[in-house]
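Some notes on the structure that comes next.
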Amino acid sequence: MDVSAIPGVPDWLSGHLQDEGIEALYPPQAEAVEAGVTEGANLVASVPTASGKTLVAELAMLSAVAGEESGPGSDASGASSGPLSDGGKALYIVPLRALASEKAEEFEQFERYGVEVGVSTGNYDSDGGWLADKDVIVATSEKVDSLVRNDAAWIEDLSCVVADEVHLVDDGQRGPTLEVTLAKLRQLNAGLQTVALSATIGNADELADWLDAELVDSNWRPIELQKGVHYGQALHLEDGSQQRLEVRNGESETAAIVRDTLADDGSTLVFVNSRRNAEAAARRLASTTREFLDADEREALAEIAAEIRDVSDTETSDDLADAVEGGAAFHHAGLASDHRSLIEDAFRDRLLKVVCATPTLAAGVNTPSRRVVVRDWRRYDGSTGGMAPLSVLEVHQMMGRAGRPGLDPYGEAVLLANSHDELDELFERYVWADPEPVQSKLAAEPALRTHLLATVASGFASSREGLLEFLERTLHATQNADRNELERVTDRMLDYLEVNDFLTRDGDQLQATGLGHTVSRLYLDPMSAAEIIDGLRDWERAGGTSAGRERAETAGDEAEAEEPAGFTRASELAADHGDDDGPREPPSALGLYHLVARTPDMYELYLRSGDEEEFTQLAYERETEFLGPMPSEYEDDRFEDWLSALKTARLLEDWASEIDENEITDRYGVGPGDIRGKVETTQWLLGAAESLAGELGMDCVPAIREARTRVEHGVKSELVDLASVRGVGRKRARRLYEAGIRTRADLREAEKAVVLGALRGREKTAENVLENAGREDPSMAEVEPADIDGIETTTTGGGDGGSGTADDPEDQSSLGDF
DNA sequence: GCGAGCATGGTTTAGACAGCATGTC
DNA sequence: CTAAACCATGCTCGC
């Protein structure tokens, strides 16, 4: 189909597409248009990655935004310049924050035609105006859910919603959110056009059924993708052909493939099953890639390596930089996000010849590659007690990264076999296999617990019947004729929510309590909220001293077990513990970190051998600090979870005690990215805890706030004020403090020479800091840095030796980028 | 007596969403 | 029910 023949889209679009070099639509895109995607039709598109899904979304959104009047057959309705606010608003839902910014950047190409694009995620809102002024909004599914819960007014103006990677409704953890959110948006707005984009899956027809949508189900790709398996000295491809691909002596199969690809000037993406494997493989492959680098590339890579070392001074960072110098890299969630984007960019720029990655990269931003090697097709899975094979969908997603449209003549995706039997098995299992069907996971207790409360609290249902009726709009209902299971879990979760005071029941009628509304608005799992409330109440009741802090009695244990039979609250059972006459000490930071760390909203840290002993000991040493009862050592599972939370809490306490980042990564066996992740989650949960405590009229609000601020900046109490100045992180704050500057107010009064000395003679940094502290005359001109003990001063002369910004990263290890 | 090289056994294991306030056009 | 790479340790063997 020619781009000028697309109905329903703004007049400028065909010209724009032609300028971009797009003359004709790809077959699946044309199918989507024929199905009416530009005329308001609902659509499910199940197509391979990189087959032009984004353009389908753009067509749908632009036609919706442009408004009805430019529908089929209508003439050019006035100049198509100026804001398109006369039409509706489009929402694009993504699964990852990184994808939100990537997509928004892509959509910004339409801003010159007046289409305003906005982004909204948990840690980032696009600046320059409210979302209500935007025509196209990109957001994560959780953010959209949250916006619906909080009654964002513009939701009603939506005329089109696009759900990207909709096959993720299959995910047990986050799938139900997408499912429920789509159902809510569609209930709110009967005329809402729904477009769902999915990887190729087996049961796209069921999704279409659910969404009352047309279906485009296609395997078409713009560049050829050959799947295959390497075994021995040959690459066996799915078309039956074989290529000789020799593995030299002492060389790994992967290295041979990387070398072979490089000989053809292509790059390789290697998927492995653990972080450690990714790092080890990158280290080894660097010796292969190094030989292929020319002088320019070496230089460019050395620069990137330096930037990597600047991000953080951990071992991970160093190892990564070493590999990058050789033209290889690893990529996993233990990396800081700056690390990740440096690697992604360098790979796209073809500087890096190979990236060894865990699945982060398969689901994340677009990083295509000539060849993809799926080295490990099994991954450790504790629940099955060993190595479990990856799903076909997951392997296909990885393989789909092969071949860069417009750049590579073709893509190849390769699995590795160690035996002839394995060769056959891999062909059967992955090359020729169809992906598994996508299955709703809504009936799981944690999912319903959260979404039932939110559904009642935000007014979508006010009775048990109403809830069940609402659930009829979900994929779960489409897929399961039998309603008994869903009904049973619903009743169980309603009991749970009632017992914990999140909602009240009057006959069939349901109403969220004030607390229930707060929990829903804060986006907390009700179980997290209950844990936090119980912990805080227990502390207040016990008078904040060690009185009554004895370990759990049997009754208390039962109350905290996952979905206990009677849903009895720990706080009720723990009544009349202590005498109230002692002074009420506020809870310690460690106690508060532990409280939020044992909540289901915080991902658990793995307990290594030796950890159990170490943290059991710590638990007894600091017994008086914990909020709520400590489970008995003899209840294995519960105690282990509790200890694992203690490990997390201890990590956070270390961070908030100004322990070096590399010391922490060492001590806890985590990467820099993990620290940042934990800190971020803690900030959010402590913020929520603060709101809850405030609402319940508790005394511990200031203690919670301090613990949160400390973890936010990674500083001890005395630096909290200084670290709140923009441009001052944990390291600079400490140096200023040592130089006698202890508060923001001090910064406004202090002698400039001292400030400059404390900031190691960096004039621009010092000026910035003073300005941010509110000083009237921040200029550092003609100021000589004072000599301060233990602080090395860089050469004066106004500048950071070339790096354009005022910040010198190695000087700061703060979390400034949130 | 010493150290390189190997066998052995123990250890470890992917990912990542969310609040609010505040400022500003 | 299932793995595999990494690492520390301790051994053998050759000199």
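All values below were derived from every heavy atom in this structure, side-chain atoms included, with hydrogens, water molecules and symmetry-related copies excluded. Here is the naming used below: chain letters follow the sequence lines, and residue numbers restart at 1 for every chain.
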**Complete:** Here the distance between atom C1' of B:dG19 and atom CG of A:N150, to the nearest Å, is 8 Å

**Request:** Establish, from distance only, whether the side-chain atoms of A:Q397 and A:T49 form a donor-acceptor pair under 3.5 Å.
**Result:** no

**Message:** Only pairs with both distances under 3.5 Å count, Watson-Crick or wobble alike; so what is the partner of B:dA18 in this structure?
**Reply:** none

**Interatomic distance, A:R174 CZ vs B:dA16 C1' [rounded to whole Å]** = 7 Å

**Message:** Quick one: does any side-chain atom of A:R149 pair with a main-chain N or O of A:S520 as donor and acceptor, under 3.5 Å?
**Reply:** yes

**Asked** Can you find a side-chain donor-acceptor pair between A:N662 and A:T314 that sits under 3.5 Å?
**Response** no

**Asked** Does one side chain, of A:D611 or A:Y668, offer a donor that lies under 3.5 Å from an acceptor on the other?
**Response** no

**Fill in**
With A:H332 as partner, the option from A:R276, A:H339, A:E279 fulfilling side chain to side chain donor-acceptor pair (under 3.5 Å) is A:E279

**Asked** Taking only side-chain nitrogens and oxygens of A:R275, does any of them come within less than 4.0 Å of OP1 or OP2 of B:dG15?
**Response** yes

**Asked** With distance as the sole criterion, is a donor-acceptor pair present between the side chains of A:R598 and A:H594 under 3.5 Å?
**Response** yes

**Asked** Given that A:R340 and A:K143 both sit by DNA chain B, which one's nearest nucleotide is further toward the 5' end?
**Response** A:R340

**Message:** Of all nucleotides in DNA chain C that come within under 4.0 Å of a heavy atom of chain A, which is furthest toward the 5' end and which toward the 3' end?
**Reply:** C:dT2 to C:dC6

**Item:** Side-chain H-bond candidate by donor/acceptor type, A:T121 with A:N123, under 3.5 Å
**Value:** yes

**Message:** Can you confirm whether the side chains of A:E695 and A:T518 place a donor and an acceptor under 3.5 Å from each other?
**Reply:** yes

**Message:** Please classify the nucleic acid contact of A:D381 as base, sugar-phosphate, or nothing, using heavy-atom distances under 4.0 Å.
**Reply:** nothing

**Asked** Hey, does the side chain of A:S146 come within less than 4.0 Å of B:dA18's phosphate (OP1/OP2), counting only N and O?
**Response** no

**Asked** What is the distance from CD of A:Q397 to C1' of B:dG15, rounded to the nearest Å?
**Response** 14 Å

**Request:** Classify the side-chain pair A:D125/A:S120 by whether it contains a donor and acceptor separated by less than 3.5 Å.
**Result:** yes

**Request:** Send over the distance from A:R521 CZ to B:dA18 C1', rounded to a whole Å.
**Result:** 14 Å

**Request:** Using atom types as modelled and distance alone, determine if a side-chain donor or acceptor of A:N772 lies under 3.5 Å from a backbone N or O of A:R726.
**Result:** yes

**Message:** Applying a 4.0 Å non-hydrogen cut-off, can you work out what A:S141 is touching in the nucleic acid: base, sugar-phosphate, or nothing?
**Reply:** nothing

**Prompt:** Stems in DNA chain C: runs of 3 or more consecutive Watson-Crick or G-U pairs, distances under 3.5 Å?
**Reply:** B:1-13 with C:3-15

**Request:** Scan residues 276-285 of chain A against DNA chain C and write down, sorted by residue number, each residue with any heavy atom closer than 4.0 Å; if none is found, say none.
**Result:** A:R276, A:N277, A:A280, A:R284

**Test item: side-chain donor near acceptor, A:N273 and A:N277, under 3.5 Å** = yes

**Message:** Can you identify which nucleotide, out of B:dA16, B:dA14, B:dG19, has its nearest atom closest to the A:T360 side chain?
**Reply:** B:dA16

**Request:** Figure out the CG/C1' separation between A:L335 and B:dG15, and round it to whole Å.
**Result:** 13 Å

**Asked** Does the side chain of A:T681 get closer than 4.0 angstrom to OP1 or OP2 of B:dA18 through an N or O atom?
**Response** no

**Prompt:** Any side-chain N or O of A:R97 under 4.0 Å from OP1/OP2 of B:dA18?
**Reply:** yes

**Asked** What integer distance in Å separates A:W130:CH2 from B:dA21:P?
**Response** 11 Å

**Message:** Distance alone, cut at 3.5 Å: any donor-acceptor contact between the side chains of A:W377 and A:E425?
**Reply:** no

**Request:** Rounded off to whole Å, could you give me the CZ-to-P distance for the A:R608 and B:dT12 pair?
**Result:** 6 Å

**Touch class at under 4.0 angstrom, heavy-atom based, for A:L96 against every strand present** = sugar-phosphate

**Message:** If stacking means aromatic ring centre less than 5.5 angstrom from the base's six-membered ring centre, planes under 30°, is A:Y603 stacked on B:dA16?
**Reply:** no

**Item:** Shortest side-chain distance from A:E142, nucleotide among B:dC17, B:dG23, B:dC20
**Value:** B:dC17

**Item:** Flag for A:Y92-A:D164: side-chain donor and acceptor within less than 3.5 Å
**Value:** yes

**Message:** What is the separation between atom CG on A:D151 and atom P on B:dC20, rounded to the nearest whole Å?
**Reply:** 12 Å

**Request:** On DNA chain B, check which nucleotide each of A:Q173 and A:E394 is closest to and give me the residue with the more 5' one.
**Result:** A:E394

**Item:** Distance between C1' atoms of C:dA3 and B:dA14 (Å, rounded)
**Value:** 16 Å

**Prompt:** Which nucleotide in the list B:dC17, B:dT24, B:dA14 gets nearest to the side chain of A:T140?
**Reply:** B:dC17

